[in-house]
Amino acid sequence: MLDYGLKNRELFPETKSDGTVDIDLSSGKYTKVWQGPNHPGITGNMSLELTLLGDEVMESKTHVGYLHRGFEKLMERRRFINNFPLVCRICVPEPDFNEYCYAAALEELAGVEVPENALWIRTLILEMARLQSYLMWLSGQVGAFGFGIPSQWMLYCRDRVLDMFEELSGARIYHIYMLPGGVRDNLPKGFKAKMRETLNDIVPLLRDYERVVFNNAVFKKRAKGLGYINPDWIEEYGITGPNARGAGVPKDVRKDNPYLKYPELEFLPVTETDSDVYARAHLRWRDVMMSVDLIRQILERTPDEGAFKADLPSMLHWKIPAGETYVNAECTRGEYGYYIVTDGSGYPRRVNVRGPSYTHAVTLAEKMMVNCNIADVAATLVSLHTYPPEVER
Amino acid sequence: MERIIENIKKQFPLQDVNSDHGWFITCEKKDVISLLTHLKITGGFTHLILITAVDWIEEDRFQLTYLLNNPQLKIRLGLRTFIERSVWPDESEMQSAHHLWPAVKTYQRELHEMFGIDFPGSPEVNDPLILEYWDDIPPYRRDFDTKKYSEETYFPREGRGSNDPAEYMKSQLYPNEGGKSQDFPQEISKKSSGEKNA
């Protein structure tokens, strides 16, 4: 039997200058493996077509399309307000960023002024959404390495945050609390106290998580040095969010193109320098702590009473003047944006959703998987934090 | 930003500069690749946010938009161009920009599949990205009718009514504004809304 391993490199095909290799499938050396679309290590419905030599990946191709629902097309056939139940379904774990970007783009095009209260409440909702999405990721990342218990802790924390969403909007996942012109209502009575209590309850668990996971010998051994992203790739590949900040590039839309009330809050983008799976996991953990701090600051300053919604004409007859705009926000994975073109009618002409996973899951993942061990593919992909629905919209 | 636009104007003929809701400049099809290269290399617009197309079927043309970001100056610029809209099965054609950013090839693959815009020379541009075995009109073109497609492809489930959302909401929420509430039997519309929620 041939020994495919680190010692015996002459059996491996030569890598050409452009990073590709010639793979002759008929030689019998290679194995094709489909990781996904039904695989616990894949985040959602996508699949990787891996060509293996021994247990090393020679070539990877991302296949999406298992979840295509044609949102952008459907939106062109619906009135502006009818699109709200659609946009939040583009990204299931983080619907609020879609709602915000869509609403803000319409306000920009229609020239609607949003009241102060609504801006604070929107900031609060976006931070809570960030918190719950990160908590789910922290659970999933250690889950990919086989840690069951810390994973469950984080899901418990996420459930506590979802409870607060239920308190606020009546829904756990799809809140639709933001609308064009503002939000549905002011914060309910007693919400601030309950939110503070929730934060006080989840912070000790987060500290336990750090002690258990980031000091764990197995996690360190497997995650350090794995899934390296070269800082030179950041601009080339359009990498944003934690994947860029993990490489030491402080890319954060909240600081770069400030929106809502972020300019009035005190925070600095978290960065790490190692740019591997371990660094990105630690960065996201620190981001969670920052998010907790931001929510505390926002709760301090959100007014209890006052106007929360601008006066708008009947939504069914709402026509927006012709124009085009791009509105973006920093979600947990990077830059989330909506490019909307209107033609003066009651329907959008074109809506294009820019999800950060579009570049991360396809071009970047295909590059990063090469020479990766098959056992590490799941961990690397989870560490990129990709959601396929953003790719295929 | 005005200074950057002035600089671009000196070197490239621009058809339109619009700053109503963010900066968008329009240039001719033949200048796009050289202008993109210029913006990337000397203008500092190193980050490509997205590439997308808009179908202006009335004017028989596609609009292509390249959104760029300058991470140093923290500014955004949209570059627009108009290309001829061919009638399917003929494909419109545009020069490829895959050599500038590796991520471009994915966008171009999607545009080829969804709008029928070909980018000769772009890697894997003929491979399907999202749709497999699709031989109809590219579905994001305006003349592709989603309703007709779904009626032909899928069968209706028994006992389900369907209604136009705008009309239905009018009749339910604003009955005084002249909604056609008599179009569907009341019980079917109730049942269908219940099923959708479930």
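The aromatic rings of F267(A) and Y262(A) sit perpendicular to each other, their planes meeting at more than 60°, with 30° as the lower class boundary. Using bins of under 30°, 30° to 60° and over 60° for the plane-to-plane angle, the ring pair Y336(A)/Y338(A) lands in the parallel bin.
Contacts of E324(A) with chain B are made by both backbone and side-chain atoms, with heavy-atom separations under 4.5 Å. K251(A) touches chain B through its side chain: at least one heavy atom from C-beta onward sits under 4.5 Å away, while N, CA, C and O do not. With a 4.5 angstrom heavy-atom cutoff, R79(A) touches chain B only via side-chain atoms. Y339(A) touches chain B through its side chain: at least one heavy atom from C-beta onward sits under 4.5 Å away, while N, CA, C and O do not. Contact of V64(A) with chain B is made through backbone and side chain together, with heavy-atom distances under 4.5 Å. Using a 4.5 Å cut-off between heavy atoms, F24(B) touches chain A through its side chain atoms alone.
Proximity to chain A at a heavy-atom threshold of 4.5 Å picks out P71(B), K74(B), R76(B), R80(B) from residues 71-89 of chain B, in numerical order. Listed in order of number, the residues of residues 111-134 of chain B that approach chain A to under 4.5 Å between heavy atoms are M114(B), F115(B), E124(B), L129(B), I130(B), L131(B). Applying a 4.5 Å heavy-atom cutoff, the residues of residues 234-247 of chain A that approach chain B are E235(A), E236(A), Y237(A), G238(A), T240(A).
Contacts with chain A were tallied for Q63(B), K147(B), K105(B); Q63(B) has the most, counting heavy-atom pairs under 4.5 Å. Interface summary for chain A: among N69(B), T65(B), I49(B), the most heavy-atom pairs under 4.5 angstrom belong to I49(B).
Aromatic rings from Y66(A) and H68(A) are positioned such that their centres are separated by 6.0 Å or more. A centroid separation of less than 6.0 Å is found between the aromatic rings of Y102(A) and F84(A).
For K73(A), the NZ atom sits in a packed shell: over 12 heavy atoms of surrounding residues, nucleotides or ligands are nearer than 6.0 Å.
Expressed to the nearest 0.5 Å, how far CG of L35(B) lies from CG of L14(B) amounts to 7.0 Å.
In this structure, R141(B) has no side-chain hydrogen bond (donor to acceptor under 3.5 Å, both in side chains) partners at least two apart in sequence or on a different chain.
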